[in-house]
Protein chains: 2
Amino acid sequence: MFSKTTEYALRAAIYIAQKSTADKKLGIAEIAKAIDSPQSFTAKIIQQLTRGNTLVSSVRGPNGGFFMTEKAKRLPVRVILDLMGEDSKFQTCILGLKQCSELKPCPMHFEYKPIKEQLISLFADRSIESLAEDINNEHAFINSRNKRG
Amino acid sequence: MFSKTTEYALRAAIYIAQKSTADKKLGIAEIAKAIDSPQSFTAKIIQQLTRGNTLVSSVRGPNGGFFMTEKAKRLPVRVILDLMGEDSKFQTCILGLKQCSELKPCPMHFEYKPIKEQLISLFADRSIESLAEDINNEHAFINSRNKRG
DNA sequence: ATATTTAAGGATATATTTATCCTTTATTAT
DNA sequence: ATAATAAAGGATAAATATATCCTTAAATAT
C-alpha cells in the first residue's frame, strides 16, 4: 500500500500524537524504538513532518524533542500524507494509467471507484487523535509499553 | 497502490484477455505499445505471467506470440497478483507492522479492515474477462484503437 | 561563557526497482 | 537444411528508495 517511508511517517505521527504534549516532548531515539524503525532515517522523515509547523513541532537542546499540539492532533490523517508528498496516493488509477478518467475509464475504474472513495474519506475524515485513541491499550506498536498494570 | 511492475502485469494480462484468442496471438511489441509500457521490461513481466501455464500462454516463432485461453480469461484478477508474488499485497497492515492483528491491532486496523476486505474480494471475485468487457469501447489503454466506427 | 543536549542538514552508502541490450532457443516458412 | 521470426533468458545499467554517518545549529543548564 504505502512505501516504507510513508509507513514510518504514519507510525511516527500517530505515536507522537498518542504520547506527547507540549510539556512532554519525545526524543527521536524513543520514537524510533517504539515504532520499530531505523533511527536516522526516521529523523529525516519526522523533519519532513515538521515543515510548515502545522503537524509536528520540534525543539532543540536539552529537554527538547518532538511533540504535537492538541490542535495538530485534531488534523486529519491525510495531512501526514500531504507532508510526505503522497497526497495524490489514492487519486491515481489503480492500473497506473495517466489518462484514466470517468469518460475514459480503465478496465478496473468503476469497480475500484467506491473503494477508492472510502480510502480517501478514511484519511480525510478521521483525525490523527481519533486513531490514536488506544481503546484496549494493546496497540501493535512493538516496543511501546502501554500497559498500566 | 501497486508497483510499476505489477501495474504493467495487470494492464498486459487484461489487454491480452481482451484482444487475444488461441488463434489470434499478440506480439510483445503490440502489447507494450497498447498498454504504454517499456517493451523489454514488459517482456520479462509477461514471462512471469506464463509460469505454470495457467494464465498467459506463449508460442515462439513466426505467427507466435501471447494469448489466453477462454478458461484462463475466467480466472480471478488475483491470479495476476499471485504470479507477480504480490498475493499478500492486501493482507498486510496498512502501517507496515508485522505483529498487527485482531488481538493486537495497529491504530488504523479496524478502520482499514472493511476497505481491505473489499479490495481482497474485488481481486478474488472478479474474473479478468469480466473486467475486460469493454462496455463503451473507450478504455483508457492509450494506444489501442478500440473504436469500431 | 562553556559544556551539554537534541534536532537539522549534508554527504554518502546500500538495496531494490525499473529498464535496456544482447544472445539463445524454439517454431515456422521456404 | 536454411533463413526468418518471436519469445526466453542472461548480463548489465540507470533510477529511485532506503539507510547511515558526520557535522552544524539551536537551546538549556551550569
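The basis for the numbers below is simple: all heavy atoms, side chains too, and nothing from hydrogens, waters or symmetry mates. Lettering follows sequence order; numbering is per chain, from 1.
- Residues Glu70(A) and Lys73(A) are in side-chain contact: their nearest non-hydrogen atoms beyond the backbone lie under 4.5 Å apart.
- Atoms CE (Met84(B)) and P (dT17(C)) sit 11 Å apart, rounded to a whole Å.
- Tyr8(B) has a side-chain polar atom (N or O) that falls below the 4.0 Å cut-off from OP1 or OP2 of dA19(C).
- Counting only N and O atoms by type, the side chains of Ser37(A) and Thr42(A) include a donor and acceptor under 3.5 Å apart.
- Whole-Å rounding puts the Gln39(A) CD to dT18(D) P distance at 19 Å.
- Counting non-hydrogen atoms under 4.0 angstrom, Ile45(B) reaches nothing in the nucleic acid.
- Using a 4.0 Å heavy-atom distance criterion, Ile31(A) is classed as making no nucleic acid contact.
- Dashed line: the shortest gap from a side-chain N or O of Ser58(A) to OP1 or OP2 of dT6(C) is not under 4.0 Å.
- Atoms CD1 (Ile16(B)) and P (dA7(D)) sit 10 Å apart, rounded to a whole Å.
- Checking side-chain atoms of Thr50(A) against main-chain N and O of Gln47(A) turns up a donor-acceptor pair under 3.5 Å.
- Between Lys44(B) and Thr42(A), the residue anchored closer to the 5' end of DNA chain D is Lys44(B), taking for each the nucleotide with the nearest heavy atom.
- The residue Ile28(A) sits close only to the backbone: its heavy atoms come under 4.0 Å of sugar-phosphate atoms, none of a base.
- Atom-to-atom, CD1 of Ile35(B) to C1' of dT18(C) comes out at 14 Å; the value is rounded to the nearest Å.
- Each of Leu10(A), Ile35(A), Thr6(A) was checked for a side chain to side chain contact (heavy atoms under 4.5 Å, CB included) with Leu95(B), and the lone residue meeting it is Leu10(A).
- Residue Glu30(B) contributes atom CD, which lies 14 Å from atom C1' of dA6(D) at whole-angstrom precision.
- Along DNA chain D, the nucleotide closest to Val59(A) and the one closest to Thr6(A) are compared, and the more 5′ of them pairs with Thr6(A).
- One atom, CD of Glu7(B), and another, P of dT17(C), lie 14 Å apart when rounded to the nearest Å.
- OP1 or OP2 of dT18(D) has at least one side-chain nitrogen or oxygen of Thr5(A) nearer than 4.0 Å.
- Residue Pro62(B) has its side chain nearest to dT28(C) when only dT20(D), dT28(C), dA19(C) are considered.
- With a 4.5 Å cut-off on side-chain heavy atoms, Phe67(A) and Thr21(A) do not count as touching.
- Here the P atom of nucleotide dT6(C) and the NZ atom of Lys25(A) are 12 Å apart, to the nearest Å.
- Counting to the nearest Å, the P atom of dG10(D) and the CZ atom of Phe41(B) are 17 Å from each other.
- Within the structure, a side-chain polar atom (N or O) of Asn63(B) is placed less than 4.0 Å from OP1 or OP2 of dA29(C).
- Taking 4.0 angstrom as the limit, Gln47(A) places a side-chain polar atom (N or O) nearer than this to OP1 or OP2 of dG9(C).
- The Arg60(B) side chain lies nearest to dA6(D) when the options are dT18(D), dA6(D), dT28(D).
- dT30(D) and dA1(C) make up a base pair, with Watson-Crick or G-U wobble contacts both under 3.5 Å.
- Ring geometry for Phe90(A) against Phe123(A) counts as tilted: the plane angle lies between 30° and 60°, on a 0 to 90° scale.
- Phosphate contact (OP1/OP2 of dA15(C), side-chain N/O of Lys4(A), threshold under 4.0 Å): absent.
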